[in-house]
Amino acid sequence: MIVDEGLIGPVEDHRGREGGLLVYPVYSRRSGGLSLGINLFPDRKLCSFDCPYCEVFPFETGFRFSPEFMGKALTAALHRFRNREVPVRDICFSGNGEPTISPHFAEALEIAVKIRDTAAPGTALVLITNGTGLLNDRIFELLHRAAAGPPGLCVWLKLDAGTEDWYARMNRSSVPFTALIKGIREFVDMAPATIQTMLCAVGGREPPPEEALAWERLVTELARLGDGRKTGVRRVQIYGKARPAPEDPLARPLPPSHAEARAASLRSALAVPSLPPRDSVPVEVFM
Ligand code: SF4
């Protein structure tokens, strides 16, 4: 299955991608409208993280990813949603896992850039990534060229924690925290990126004050990297748990006031003048 022809309109959740869809329409809070998701894993979830809040339910299909079919499905979806009241805001690599792990990622990105440039110039191209691909030189270079160069790939980098302890709770990965942060530092110094942070409670525990402080310091430090215009952190998006997850209720939503307080504190920290002058970094909350 390459695209759900029976779907009347975009869905509010991502269930279709667990049915083998390569391209699926979804209303995205963080995109601010309709997003066309590209799913590189129609057969099963594959990720270098194991977040307790992950919304991908266990599944297995006989479908295999095909760059050719993906291209056809993307073209068809762009055509289908052309001239709709709600325009397509972006084409987004996300899906059932970490896109940069897929052996098809580079080819799929190239195809998506070509189709976007021909069929929907001006539409943003987004990659939602947990950043672990940055530890691979080939992926780092690919993302650097795509984000800093003409494709203008918007890299949305997950950064859920400022401490090793909270990273272990939130992302349960074998990738060392220090190595991951080093890769993220190097990337934002050379290319534009959006930092995305999930705030939720895990196992009945909220992020402790020392975690909140360490995260804020880390984000502030990252925001000082790059030239602050064409490279560096372009925005910070804090979001909350809004959809069901297979491990519910291990991860629980926090009250919106928690996220608003964290965002307000970060905005104050980022407002301290820096040299040389740079664009301000918006901090958004989606709870
Ligand atoms: S990084 Fe994304 S896909 Fe991977 S486990 Fe976490 S939430 Fe799920």
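First listed ligand is number 1; within each ligand, the first listed atom is number 1. Positions are given from 1, in the same order as the sequence printed here. Not measured: the values here are computed from a predicted model.
Once rounded to the nearest 0.5 Å, the distance linking CZ of Phe105 with CG of Leu143 reads 5.0 Å.
Comment: Glu68 engages Lys72 in a salt bridge, judged by a side-chain N to carboxylate O separation of less than 4.0 angstrom.
Among residues at least two apart or in separate chains, salt bridge (Lys or Arg N to Asp or Glu O under 4.0 Å) pairs with a member in residues 34-44 are Asp43-Arg64. Judged as a salt bridge (Lys or Arg N to Asp or Glu O under 4.0 Å), the pairs with a partner in residues 244-267 (not counting sequence neighbours) are, in order, Arg172-Glu247, Lys241-Asp248.
Excluding waters, the protein N/O/S atoms found under 2.8 Å from atom 4 (Fe) of ligand 1 are Cys47 SG.
Here is the list of ligand 1 atoms found below 4.0 Å of a heavy atom in Lys158: 1 (S).
Ile128 forms part of a hydrophobic cluster together with Val126, Trp156, judged by ILVMFWY side-chain heavy-atom separations under 4.5 Å.
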Check step by step if side-chain hydrogen bond (donor to acceptor under 3.5 Å, both in side chains) holds for Ser265 and Glu216.
-> CA-CA 8 Å; Ser265 179; Glu216 183 174 298; 2.5 Å; yes

